[in-house]
Amino acid sequence: MIGRCKYALQALLVSSRSISSQSFLQSSTLHHTAVFAGSNRNRVIASVIRPSARTGASSIAVATAIASTSSITNPLLQTWSSEPFHLPPFERIQPSHFKEAFAKGMEEHLTDLQTIVDEDKPPTFENTIAAYDRAGGLLSKIKLVFSNMCASLNTDELKIVQTEIVPILSRHSSRTYALPGLFEKIDAVYQANNKTLTPEQTRLVERFHIDFNKQGANFDAAQKKEYADISAKLASLSTEFAQNVMKDEETFEIVLSKGDMAGCPDSLVEASKQAAIERNKGEKDYVITLSRSLVEPFLTYSSRRDLREKAWMEWSRRGELSEDRANLPIAVEVLKLRKRQAEMHGCKSFAEYQCKDMMAKTPENVMELLENVWERAKNCAEKEREALESHCVEIGDDLGEEGLEPWDWRYYAEKVRIAKYDFDESTLRPYLSLDKVTEAVMAVSNKLFGLRYVKRDDIVSYHPDVDTYEVYETAQDGSDKLVAIFVHDNYARKNKSSGAWMSEYRAQTKNLAPGIDAVEGIPVISNNNNFAKGSGPTLLSFDDANTLFHEMGHGHHGMLSDATYGRLAGTNVLTDFVELPSQLLEHWLNQPEVLKDYARHFETNEPVPDELLEKLNAAKSFNQGFGTIEYTSCALLDMALHQVENYDDDFDISKFEQEELARLGMPKGIIMRHRPAHFMHLFASTQYAAGYYVYLWAEVLDADVFAAFKETGNVFDEETAKKARKFIYSSGNTVAPDELFRLFRGRDPDIKYMLEKKGLTGITK
């Protein structure tokens, strides 16, 4: 994954389950406890919800600011049973429907929880823990639709609703954790330590107990109020941060002529022309936006150094392009609030607090991994830089006194790749159409896990570009068994977040209330990408194709989930395990048998030539120093920012960035892939705060797991695939992640496979 925004986490909504490399939110099952520290699921504002005199549950005041439409006509509050597979009725949902729907959902959620509290019988797993896992079903499905829409089709009308509703949802979550008597019931089951529970049930009890403690269940009344206030403020700040980045990406553009596109491949020229058409420019105009799918290829191929510099300057300043959308002050306020949260939990820093519930356990363990790779990558990048500058001298390109700049690296790296390996990546694009790469990943899915995809063109989604599939496997009796519904949204567009991510419209569960249709336990999984759409077939770079495989890996984590309880299902795992399923699937794109079968020319259907594959393989470690530095610098800065124990009143995050990168010895000509003002993983949600390292942590795991396949002599080995499905893709959080790895591999992970994969084994620290 390194160097891409794969698992995109944005705080577009409080505590929605969604994945993704720029995301959106990933936390625990929506209608109950959040796994990750600092989750913004908190209590409802008092003016919106008040206690009921009869039950102590909350009810919605009539004609509050929440109410906006009639529940009789609100599709979010009607049954979806008439929709295929109970999918959301996208055609009928309007932004104005959400406020009333959320109000009703919060009311029902609190009623569900109060029913648990009011139970006369002693607390048991069934009447407390299983009931808590089911609570808030209506709120859950509304949140999941809303969070997905805020990421994939966030219109101005929806942004207004989002800004208003996020702090309300945060306070609702705080109220649920502080509901009198609820934690006492959960704690009673935890303390009972019932040995008759299954291992999964025991795990569920433990996770709920941890979740409540992390949300301040043991705080006194004043502390609970303070924690709720902090969480609500963080929810609002994260939403503002994400919306600012989205607005910068939506509004900025460089309008060019055909001549200005010199050096760019036809696919990029066509995509920039399409962007100009969508933005109502002139007939002769071409547009480069701050979408990664346009700006990175432009930086790679444009022969106009002045235009590369202009594009790079604006791209690297997302979140700072307008005084009205200044994200750095927001980031500083977020850091201070997180530090206070950590203090309330008895931790010196937010990094210490966050790592406690990670596989890494401590910031020191994280730093040991990052620094190991950093020094190797830095040496590698310096050699790469020397090679690029030598090439410039050879071809007579004068870079001036400053030499190679950040807007030059990709351009000259591509030139050196061609000169050294005779491999021009643009020559591979015609063999990697979106249709063929999609076909390839679904074929890999079938060969590994027996899944079959049936496209449903008749199902209407929220945008015409979205494809919907039924996903089947063969049951033991030979019949077709529905495994999941898969939603594929591949193209960049206005009002869509950048990056790529996986999310859910419905999570897998077997813990359904009596009388509920079994289809409600079938997961509905969505993958979002941001490929540039032209007028003809969409041709992908190899990196784009890798992104599609990555997100499909996340998708399998959701689709193949086989947990009994929603809280432990799918991607509800510790953050430094969640990237293993996604990064693991990437390996199959590189396999010759996959490329020979599915990398076919979009016009002739001829298979990719062996010679081109040989060149691709020979160049696979090229520029790894650059890519690793881009990523690892972000992870190191993340840890440094969140290990600060005292943020001064005048804390300057830009100065901190400069000083920290200077201390690390950041190679000249490279910048962090995500600078603080647009670092969505850190400031648009809490999940990846003091946790951006997880991609590298997971890369140690995925390289080791794929080595197990290679050791069999068959990357599609049936027995190894069965083990991967059981211990990596299906178990969710039913077993501790380190134990899942040991169950698969028979030992702890070994870093050597990752270093070999990145070509860093022969480079000293």
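These values consider heavy atoms only, across backbone and side chains, with no hydrogens, waters or symmetry-generated copies.
Within the 4.5 Å cutoff, side-chain heavy atoms of N194 are placed close to those of L197. Residues W80 and L87 have side chains not in contact (no heavy-atom distance under 4.5 Å, counting atoms from C-beta outward). Looking at I210 and K214, their side chains come closer than 4.5 Å, going by heavy atoms from C-beta outward. In this structure, the side chains of F85 and V524 stay at 4.5 Å or more apart for every pair of heavy atoms. Counting heavy atoms from C-beta outward, R567 and N572 have side chains that approach closer than 4.5 Å. The shortest side-chain heavy-atom distance between D220 and Q223 falls under the 4.5 Å cut-off. For the pair T198/T202, no side-chain contact is recorded, criterion being any heavy-atom separation below 4.5 Å from C-beta on. No side-chain heavy atom of V189 sits under 4.5 Å from any side-chain heavy atom of F208.
Summarising the geometry, atom CG belonging to L369 is positioned 4.5 Å from atom CG belonging to L696; distances are rounded to the nearest 0.5 Å. Atom CZ of F486 sits about 7.5 Å away from atom OH of Y469, to the nearest 0.5 Å. Rounding to the nearest 0.5 Å places CD of Q354 at 6.5 Å from OG1 of T575. Separating the CG atom in N529 from the CE atom in M552 is a distance of 10.5 Å, to the nearest 0.5 Å. In this structure, CH2 on W697 lies 9.5 Å from CD1 on I751, to the nearest 0.5 angstrom. Between Q215 atom CD and Q341 atom CD the span is 8.0 Å, to the nearest 0.5 Å.
A distance-only check finds no donor-acceptor pair linking the side chain of D467 to the backbone of H488 [under 3.5 Å]. Not one N or O on the side chain of S445 forms a donor-acceptor pair closer than 3.5 Å with the backbone of V441. Between the R506 side chain and the V519 main chain, a donor and an acceptor come within less than 3.5 Å of each other. Panel note: side chain S479, backbone A475; no donor-acceptor pair is recorded below 3.5 Å. Side-chain atoms of D357 do not come within 3.5 Å of backbone N or O of L574 as any donor-acceptor pair. A donor-acceptor contact shorter than 3.5 Å is absent between the side chain of D517 and the backbone of E520. Of the possible donor and acceptor atoms, none in the side chain of H554 sits under 3.5 Å from a partner among the backbone N and O of P581. No donor-acceptor pair closer than 3.5 Å links the side chain of D717 to the backbone N or O of F709. Between the N527 side chain and the E551 main chain, a donor and an acceptor come within less than 3.5 Å of each other. With hydrogens and angles disregarded, a donor-acceptor distance shorter than 3.5 Å links the side chain of N148 to the backbone of L144.
Side-chain contact annotation: E586 with N546, donor-acceptor N/O pair under 3.5 Å present. Side chain to side chain, E579 and S582 meet the donor-acceptor criterion of an N or O pair below 3.5 Å. With hydrogens and angles left out, the side-chain atoms of N714 and T712 include no donor and acceptor closer than 3.5 Å. Looking at Q583 and D702, their side chains do bring a donor and an acceptor atom within 3.5 Å of each other. For the residue pair Q687 / H681, no side-chain donor-acceptor distance below 3.5 Å is found, with atom types taken as modelled. D112 and T115 form no side-chain donor-acceptor contact under 3.5 Å, judged by distance and modelled atom types alone. Between the side chains of N218 and N213, at least one donor-acceptor pair of N or O atoms lies under 3.5 Å. Checked by atom type, the side-chain pair R452/T474 shows a donor-acceptor distance below 3.5 Å. Checked by atom type, the side-chain pair T564/N511 shows no donor-acceptor distance below 3.5 Å. At a cut-off of 3.5 Å, with distance as the only test, a side-chain donor of N733 or R203 sits close to an acceptor on the other residue. Remark: the Y693 side chain and the D576 side chain contain an N/O donor-acceptor pair separated by less than 3.5 Å.
Taking the ring pair (Phe, Tyr, Trp, His ring centres under 6.0 Å) definition, one finds that F183 meets it with H209, F212, sequence neighbours left out.
Ion pairing between E119 and K185 fails under the 4.0 Å rule for side-chain N and carboxylate O. Between R747 and D704 there is a salt bridge, with a side-chain nitrogen of the basic residue lying less than 4.0 Å from a carboxylate oxygen of the acidic one. Taking a cutoff of 4.0 Å between a charged side-chain nitrogen and a carboxylate oxygen, E473 and R725 qualify as a salt bridge. In this structure, D738 pairs ionically with R742, as a charged nitrogen and a carboxylate oxygen lie closer than 4.0 Å. The pair E470-R456 counts as a salt bridge, with a side-chain nitrogen and a carboxylate oxygen less than 4.0 angstrom apart.
Residue Q191 qualifies as enclosed at atom CD: its count of foreign heavy atoms under 6.0 Å is above 12. Other residues, nucleotides and ligands contribute more than 12 heavy atoms inside 6.0 Å of the NZ atom of K723. Counting non-hydrogen atoms of other residues, nucleotides and ligands closer than 6.0 Å to NZ of K510 gives a total above 12. With a 6.0 Å radius and a threshold of 12 heavy atoms from other residues, nucleotides or ligands, E739 has its CD atom above the threshold. Around the OH atom of Y190, the shell of radius 6.0 Å holds no more than 12 heavy atoms that belong to other residues, nucleotides or ligands. Within a 6.0 Å radius of NZ in K361, other residues, nucleotides and ligands contribute more than 12 heavy atoms.
What you find for P123 and A188 is that their closest heavy atoms are CG-CB, 4.0 Å. Closest approach of Y729 and G553 over heavy atoms only: CE2-O, 3.6 Å. Considering all non-hydrogen atoms of both residues, K356 and C347 come closest at NZ-SG, 3.6 Å. Among all heavy-atom pairs drawn from F741 and D748, the shortest one is CE2-C, 3.7 Å. Considering all non-hydrogen atoms of both residues, V573 and G570 come closest at CG1-O, 3.8 Å. S685 and R338 get closest at one heavy-atom pair: O-NH2, 2.9 Å.
Relative orientation of the H556 and F449 rings is tilted, given thresholds of 30° and 60° on the angle between their planes. Relative orientation of the Y695 and Y692 rings is perpendicular, given thresholds of 30° and 60° on the angle between their planes.
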May I have the step-by-step check of ring-ring contact (aromatic ring centres under 6.0 Å, His included) for F102 and F146, ending in yes or no?
CA-CA 10 Å; F102 273 126; F146 186 66; 5.2 Å; yes
When you look at H345 and F350, which way does the ring-ring contact (aromatic ring centres under 6.0 Å, His included) test go after all the steps?
CA-CA 10 Å; H345 286 284; F350 187 78; 9.6 Å; no
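The ring pair (Phe, Tyr, Trp, His ring centres under 6.0 Å) test with H587 is passed by exactly one of F549, Y753, F706: F706. Put simply, the residue from L740, L568, D562 that forms a side-chain contact (heavy atoms from CB on, under 4.5 Å) with S731 is L740.
Stacking of K447 on the aromatic ring of W588 is not recorded, the 6.0 Å distance cut-off and the 45° axial limit not both being met.
Note: Y565 and F125 meet the aromatic proximity criterion, with ring centroids under 6.0 Å apart.
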